[in-house]
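Here is the structure we will look at.
All chains are named by letter (A, B, ...) in the order of the sequence lines, taking the proteins before the strands, and each is independently numbered beginning at 1.
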Number of protein chains: 2
Amino acid sequence: MTATDDRIGRPNRRLLPPLPSQAERVAELLREAVIDGDHPPGGRLSEERLCEELGVSRNTLREAFRLLVRERLVVHQMHRGVFVTLPTAEDVRDLFAARRSLELPAVQRAADPAPEALEAVGRAVEEGGAARDTGDWWGVGTANMHFHQALAGLSGSARIDEFMSRILAETRLVFHVMDAPREFHAPYLDWNRRIHTLLVSGDRTAAASELETYLDTSEEQLITAFLAREAPGPA
Amino acid sequence: MTATDDRIGRPNRRLLPPLPSQAERVAELLREAVIDGDHPPGGRLSEERLCEELGVSRNTLREAFRLLVRERLVVHQMHRGVFVTLPTAEDVRDLFAARRSLELPAVQRAADPAPEALEAVGRAVEEGGAARDTGDWWGVGTANMHFHQALAGLSGSARIDEFMSRILAETRLVFHVMDAPREFHAPYLDWNRRIHTLLVSGDRTAAASELETYLDTSEEQLITAFLAREAPGPA
DNA sequence: GATTGAAGTATTGTTCAACAATCCAACGAG
DNA sequence: CTCGTTGGATTGTTGAACAATACTTCAATC
């Protein structure tokens, strides 16, 4: 109680980027690894192995785990360990319900279109096209994520942005449980471009309508693939 | 690799409530304490003191801290410690932007009203009235939170619910930095009742319109109070 | 007097090692 | 084949130690 005045500094906040702690760096690493599919959904993340692999102590690793649990990328079971989240069909439904709530109103009632936010939408469209031309299908998926992230960004709320980011990361996990992430995103590229065109032309209602159809179609496709995968049981 | 098959059990998930770990229990305690205002916004949470107070080790406490940081209830500064979040006017704007994105569409496009969700709205209204009659002004605020939580619940997404819960917890912090949480919520009680009435009558558009005005008014009131507090500086 | 710089101190960041608690697999009895 | 028991492996939690950093203090200088 003597070394500090116990009060947060009001002025100089966010001047220089607060260098991340070890735990946050580890969490970032694991997050990318999980999203990229380096660890299969449902697989266990061994403390002992990851400690050694990442060169950090168990305590630090566990701090990182807590962060990922809160992002729903991994689940934690007492005395069993942490596992890469294995999304269910119900999760898919919930994820799309959340996306509808976030994306549709963002598109429909973007009162002042927020030039930079709209520009981000356009950039994502271009990114998708470039990735397709290269044959980088995983990149196409990434661009698609960026597109929808940009749509949610029209809301103009940093918290919404962050939430959307997590929703999309989870969605990405869904694609990993299906074995066909190849040309899965391809047909959606043109759809994205159409939505963007409608947006810049100012027809928000039409854009929202297109987006809604998009979401319905995508969800149904995923659910179908999911149920087909759950029923026969590959084991 | 021998004691477990490294795969998460597909069936029996969520059968019995997974008893919370120590870190989660500590986080829950601290969360409530922060929301209830036991620790003033901007105040530091000393590791050493809390360790002793809660009877847990530093490592466990730090795990709990990570959870609260991710919920934005506390901020973490390297080598300085964790502080109860001191919201800024900008935070208030962002919080209300997020609430607009969540609550308005939930009210407006609640296609099938979801009977139990709508019932929760009614219960929050009653709860608020009861708290006012008792003179429990903090309880009135709690009921108000429940009301808006229930509105967001009309979306029917568990993830939206959880996100809304965090948004409201943060909003609660905002009220702590102002010294007048007494009859601040009182005028909003009737507003809530009116919105609920419109909802059960099926006039979603009118309900959304009322809600929008509500949010605009509330935000402006908070921002005004905030700027008045920041300008003169009580120190 | 105000600013700068250099100790010294307090607090956090991270690791390590130990033990308790629990789960899992394998085994054996009925 | 089913059901307990046992043993091994993994996680849950603690405590202490040391390194790294920020804050305070105080003296020196302009």
Side-chain angles (χ1 to χ4, degrees), chain A residues 1-30 39 42-69 74-84, chain B residues 1-30 39 42-69 74-84:
Chain A
M1 207 109 46
T2 60
T4 157
D5 67 354
D6 260 32
R7 288 256 140 200
I8 201 175
R10 205 65 162 71
N12 61 340
R13 269 217 292 183
R14 296 284 129 144
L15 278 188
L16 67 165
L19 23 139
S21 73
Q22 190 94 310
E24 291 177 71
R25 249 177 301 156
V26 170
E28 175 66 25
L29 267 176
L30 289 177
H39 302 282
R44 192 166 72 94
L45 299 176
S46 161
E47 288 189 359
E48 196 176 11
R49 182 154 46 89
L50 282 176
C51 275
E52 174 133 11
E53 215 167 293
L54 302 174
V56 298
S57 76
R58 269 183 69 207
N59 290 320
T60 300
L61 178 64
R62 288 167 60 86
E63 283 190 26
F65 276 164
R66 299 284 180 191
L67 298 180
L68 299 181
V69 165
V74 303
V75 295
H76 181 190
Q77 299 193 350
M78 265 299 249
H79 293 111
R80 299 231 316 132
V82 306
F83 302 78
V84 178
Chain B
M1 207 108 45
T2 60
T4 156
D5 66 355
D6 259 33
R7 289 256 140 200
I8 201 176
R10 204 63 162 71
N12 63 342
R13 267 218 293 185
R14 297 284 131 144
L15 276 189
L16 66 167
L19 26 139
S21 73
Q22 190 94 310
E24 292 177 69
R25 249 176 301 157
V26 170
E28 175 64 26
L29 267 175
L30 289 177
H39 303 283
R44 191 167 72 94
L45 297 177
S46 163
E47 288 189 0
E48 196 176 11
R49 183 155 45 89
L50 282 176
C51 276
E52 173 131 16
E53 217 167 291
L54 302 175
V56 298
S57 77
R58 269 182 69 207
N59 289 317
T60 300
L61 178 64
R62 287 167 61 86
E63 281 190 27
F65 276 163
R66 298 286 180 189
L67 298 180
L68 298 181
V69 165
V74 304
V75 294
H76 181 192
Q77 298 192 350
M78 267 298 251
H79 295 111
R80 299 229 317 131
V82 307
F83 302 79
V84 178

Which pair of non-hydrogen atoms, one from [X] and one from [Y], has the smallest distance, and what is that distance?
X	Y	result
B:P20	A:M78	O-CE, 4.3 Å
A:V74	A:F65	CG2-O, 4.3 Å
A:N59	B:N59	ND2-ND2, 3.4 Å
A:L68	A:A27	CD2-O, 3.8 Å

Checking B:E47 now: which residues fulfil salt bridge (Lys or Arg N to Asp or Glu O under 4.0 Å) with it, not counting sequence neighbours?
B:R58, B:R62

Does A:R25 have any salt bridge (Lys or Arg N to Asp or Glu O under 4.0 Å) partners at least two apart in sequence or in another chain, and if so, which?
none

Sub-4.0 Å heavy-atom contacts from residues 50-61 of chain A onto DNA chain C, ordered by number:
A:G55, A:V56, A:S57, A:R58, A:N59, A:T60

Measuring to OP1 and OP2 of [N], would you say a side-chain N or O of [X] lies under 4.0 angstrom away?
X	N	value
B:R49	C:dT11	no
A:H79	C:dA20	no
A:R62	D:dG12	yes
A:Q22	C:dT15	yes

Atom [atom1] of [X] and atom [atom2] of [N]: how far apart are they, to the nearest Å?
X	N	atom1	atom2	value
A:H76	D:dT10	NE2	P	15 Å
A:L45	D:dT10	CG	P	14 Å
A:E47	C:dT15	CD	C1'	15 Å
B:E63	C:dG13	CD	C1'	15 Å
A:Q77	C:dA21	CD	C1'	17 Å
A:F83	C:dC24	CZ	C1'	11 Å

Sequence-distant partners of A:S57, side-chain hydrogen bond (donor to acceptor under 3.5 Å, both in side chains), two or more places apart:
A:T60

Global bending angle along the helix from C:dG1-D:dC30 to C:dG30-D:dC1, which compares the axes of five pairs at either end, to 10 degrees
20°

For residues A:L30 and A:L67, determine if any side-chain heavy atom of one lies less than 4.5 Å from a side-chain heavy atom of the other.
no

The side chain of A:R80 is closest to which nucleotide in this list: C:dT14, C:dC23, D:dT11?
C:dC23

So how far is it from A:R44 CZ to A:H39 NE2, rounded to the nearest 0.5 Å?
12.5 Å

